[in-house]
Amino acid sequence: MTEILKSFEFEFDKYISGATSQLDAISAASSGDQMRMLRGIENDITEAEKILKQMDIQVAALDKSVKSRYVDKYKELKKNLDSLRKDHLKKQNEVAMTSGKESLFAGANQEARDGQQISKASRIVEQNNKLVAAKRVAFETEDISIGIQRELNRNTEVLTRAIGRTKEADQEIGKSNKLLNQIGRRMMMNKLTLYSVLAVVCLVFVPVSYTHLTLPTIYSV
């Protein structure tokens with residue numbers, strides 16, 4: 001389990017590092033390259049989010065003895081991802097506004113066209129904000145499903161422990177039944193022994209008593 005988490009962490013760091021490098025270099029790129037780099041950064045963030053969610057599921061199933069260490073690590077990675085996502089959105093808005101301004105000042109006699117470009121840039125920013133909001137809702141929904149899965153894992157552990165205790169109780173009951181059966185057999189043997197002794201005593205004592213009683217009668221005759 002821990003080896004899987006280490007591989008997840010390695011893949012996560014790879015996507016985060018790649019996205020951070022592109023984000024740092026985006027200011028020096030041309031307008032066309034900037035849009036391409038922004039899309040690449042968004043893809044890296046998406047892949048990192050998928051890995052982080054898989055880590056969350058794996059961490060939820062860990063044993064308590066090691067779980068706290070990986071929970072702290074998960075929180076650290078999530079914080080880094082949230083920071084990168086904010087930087088990406090900020091850079092998207094900057095690139096969109098810069099593109100609009102460049103179109104605005106392309107020529108003094110193109111005011112109408114420049115106004116359209118600014119409006120287009122504003123719409124791009126608005127669409128980006130809506131997209132981010134939609135993604136946030138999707139992530140929150142997925143977080144809820146992960147929470148439900150985590151709760152199911154905990155309930156499964158509780159049921160497993162309860163089943164284990166039930167099996168132990170059944171074993172104890174089985175041992176008690178065996179002990180009671182042994183006691184019952186011993187009591188039966190004791191009764192049979194007692195009856196046998198009584199039978200032997202009767203077989204010996206009755207003839208002797210009869211003989212003792214009848215002899216004086218014979219002699220008297």
Side-chain angles (χ1 to χ4, degrees), residues 1-27 29 34-96 124-172:
M1 182 73 73
T2 56
E3 292 299 325
I4 295 175
L5 289 172
K6 289 179 180 179
S7 66
F8 281 156
E9 184 180 347
F10 175 79
E11 291 295 322
F12 179 88
D13 289 339
K14 182 179 70 174
Y15 284 114
I16 293 299
S17 297
T20 302
S21 297
Q22 290 191 77
L23 198 62
D24 292 339
I26 207 168
S27 298
Q34 285 179 341
M35 299 304 296
R36 178 182 56 79
M37 293 171 72
L38 284 172
R39 288 192 295 269
I41 293 170
E42 184 174 356
N43 291 335
D44 287 344
I45 291 175
T46 300
E47 293 300 322
E49 286 169 345
K50 292 178 181 178
I51 294 173
L52 198 61
K53 286 179 181 4
Q54 290 297 321
M55 287 185 65
D56 190 23
I57 295 173
Q58 295 294 330
V59 170
L62 284 175
D63 187 80
K64 291 182 179 179
S65 59
V66 296
K67 189 174 184 178
S68 60
R69 176 161 58 92
Y70 285 98
V71 167
D72 293 339
K73 187 63 178 178
Y74 168 81
K75 291 179 179 179
E76 178 186 346
L77 297 180
K78 189 174 187 303
K79 183 178 179 181
N80 294 340
L81 181 61
D82 291 339
S83 177
L84 178 61
R85 189 185 294 117
K86 291 178 181 179
D87 292 341
H88 175 249
L89 176 60
K90 181 179 178 181
K91 186 61 69 175
Q92 274 185 322
N93 294 338
E94 290 177 359
V95 170
I124 292 174
V125 172
E126 184 179 356
Q127 289 174 356
N128 285 336
N129 291 335
K130 289 181 179 179
L131 180 61
V132 171
K135 283 187 175 181
R136 186 180 299 112
V137 172
F139 290 141
E140 289 175 354
T141 302
E142 191 168 357
D143 287 340
I144 292 173
S145 66
I146 291 174
I148 293 173
Q149 186 171 358
R150 189 184 299 113
E151 188 64 28
L152 288 174
N153 289 336
R154 282 198 292 266
N155 291 337
T156 300
E157 292 177 1
V158 172
L159 288 174
T160 301
R161 289 195 295 269
I163 291 172
R165 287 194 293 268
T166 302
K167 289 182 179 179
E168 291 176 358
D170 290 340
Q171 292 175 355
E172 293 298 326

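This structure is a prediction, so every number in the text was calculated from the model and none was measured.
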Scan Leu81, Asn80, Asp82 and name whichever one has a side chain to side chain contact (heavy atoms under 4.5 Å, CB included) with Lys78.
Asp82
Rounded to the nearest 0.5 Å, the CZ atom of Arg85 sits from the CG atom of Asp87 at a distance of 11.5 Å
For the CD atom of Glu9 and the CD1 atom of Ile4, what is their distance to the nearest 0.5 Å?
14.0 Å
For Ile26 and Glu94, run side chain to side chain contact (heavy atoms under 4.5 Å, CB included): C-alpha distance rounded to whole Å, both residues' side-chain angles, the deciding distance at 0.1 Å, then the answer.
CA-CA 11 Å; Ile26 207 168; Glu94 290 177 359; over 6 Å; no
Without placing hydrogens or testing angles, list every side-chain donor-acceptor pair under 3.5 Å for residues 11-21, not counting sequence neighbours.
from  : atom 1 : to    : atom 2 : distance (Å)
Glu11 : OE1    : Lys14 : NZ     : 3.0
Ser17 : OG     : Asp13 : O      : 2.8
Thr20 : OG1    : Ile16 : O      : 2.7
Ser21 : OG     : Ser17 : O      : 3.0

Rounded to the nearest 0.5 Å, what's the gap from CG on Leu84 to CD1 on Ile45? Could you check?
4.0 Å
Ignoring hydrogens and geometry, is there a side-chain-to-backbone donor-acceptor pair from His88 to Ile41 under 3.5 Å?
no
Spatial distance of atom CG (Asp56) from atom CD1 (Ile51) [nearest 0.5 Å]
14.0 Å
To the nearest 0.5 Å, atom OG of Ser68 lies from atom NZ of Lys73 at 14.0 Å
Start with the C-alpha distance between Gln34 and Lys91, add both sets of side-chain angles, then the distance that settles side chain to side chain contact (heavy atoms under 4.5 Å, CB included), and finish with yes or no.
CA-CA 10 Å; Gln34 285 179 341; Lys91 186 61 69 175; over 6 Å; no
To the nearest 0.5 Å, what is the distance between CD on Gln54 and CG on Leu5?
11.0 Å
I'd like to check the side chain to side chain contact (heavy atoms under 4.5 Å, CB included) partners of Gln171; sequence neighbours left out, ordered by chain and number.
none
